[in-house]
Amino acid sequence: VQLQASGGGLVQAGGSLRLSCAASRNIFSANTMGWYRQAPGKQRELVATITRHSNTNYADSVKGRFTISRDIAKNTVYLQMNSLKPEDTAVYYCRGNYDRDYWGQGTLVTVSS
């Protein structure tokens, strides 16, 4: 399974970005699709996940600001990020849990203060 993440960039604090993760396999067949991030010098952490049955889960730090969604017809998972903060700066990775975990290449999000 190949996961292609895109949509990162430079944005000012308070701004918005939408990340996309295009999968080469039907995302409905995945147990879970998710977004993770890794800031410089820190461990990779969960941002948001969505299950096959559309149940979502968010890190406390992004609740109310980020929204994960999917378009099954396009095999794409999205992460809408609003009210961005400098501490959201990180490389964002897409993960698909199928028969095993698959990871995308990451897309850099930089939030300036």
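Note that the structure is predicted; figures quoted are calculated from it, not measured. The analysis underlying the following values was restricted to heavy atoms, covering all of them including side chains, and did not include hydrogens, waters or symmetry mates.
The side-chain heavy atoms of I27 and V77, taken from C-beta on, include a pair separated by under 4.5 Å. Considering only heavy atoms from C-beta on, L19 comes within 4.5 Å of V109 through its side chain. The side-chain heavy atoms of W35 and C21, taken from C-beta on, include a pair separated by under 4.5 Å. The shortest distance between side-chain heavy atoms of Q105 and C94 does not fall below 4.5 Å. With a 4.5 Å cut-off on side-chain heavy atoms, Y93 and T107 do not count as touching. Within the 4.5 Å cutoff, the side chain of Q12 has no heavy atoms near those of the L84 side chain. Counting heavy atoms from C-beta on, the side chains of N57 and I68 never come closer than 4.5 Å. For the pair R18 and L79, the minimum side-chain heavy-atom distance is 4.5 Å or more.
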message = I'd like to know whether N75 forms a side-chain hydrogen bond (donor to acceptor under 3.5 Å, both in side chains) with R25, so could you lay out the CA-CA distance, the side-chain angles of the two residues, the decisive distance to 0.1 Å, and finally the verdict.
response = CA-CA 7 Å; N75 285 329; R25 187 185 293 180; over 6 Å; no
query = Given R95 and T49, is the side-chain hydrogen bond (donor to acceptor under 3.5 Å, both in side chains) satisfied, shown in steps?
reply = CA-CA 9 Å; R95 169 182 172 262; T49 59; over 6 Å; no
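Using modelled atom types, no side-chain atom of T89 and backbone atom of T110 make a donor-acceptor pair closer than 3.5 Å. Under the 3.5 Å distance criterion, the side-chain polar atoms of R37 are left unmatched by any main-chain donor or acceptor of V47.
A distance of 10.5 Å separates OG1 of T76 from CD of Q4, quoted to the nearest 0.5 Å. Distance CG/L46 to OH/Y58: 11.0 Å, rounded to 0.5 Å. To the nearest 0.5 Å, atom OG of residue S83 and atom CG of residue D88 are 9.5 Å apart. Once rounded to the nearest 0.5 Å, the distance linking NZ of K85 with CZ of R65 reads 4.5 Å. Atoms CG and CZ, on N97 and R52 in that order, are 9.0 Å from each other to the nearest 0.5 Å.
Judged by the 6.0 Å distance and 45° axis criteria, R100 is positioned over the aromatic ring of Y102. Note that R44 lies outside the cation-pi zone of Y36, set by a 6.0 Å cut-off to the ring centre and a 45° limit from the axis.
Between Y92 and F66, the two ring planes are tilted [angle within 30° to 60°].
One side chain, S16 or N82, offers a donor N or O that lies under 3.5 Å from an acceptor on the other.
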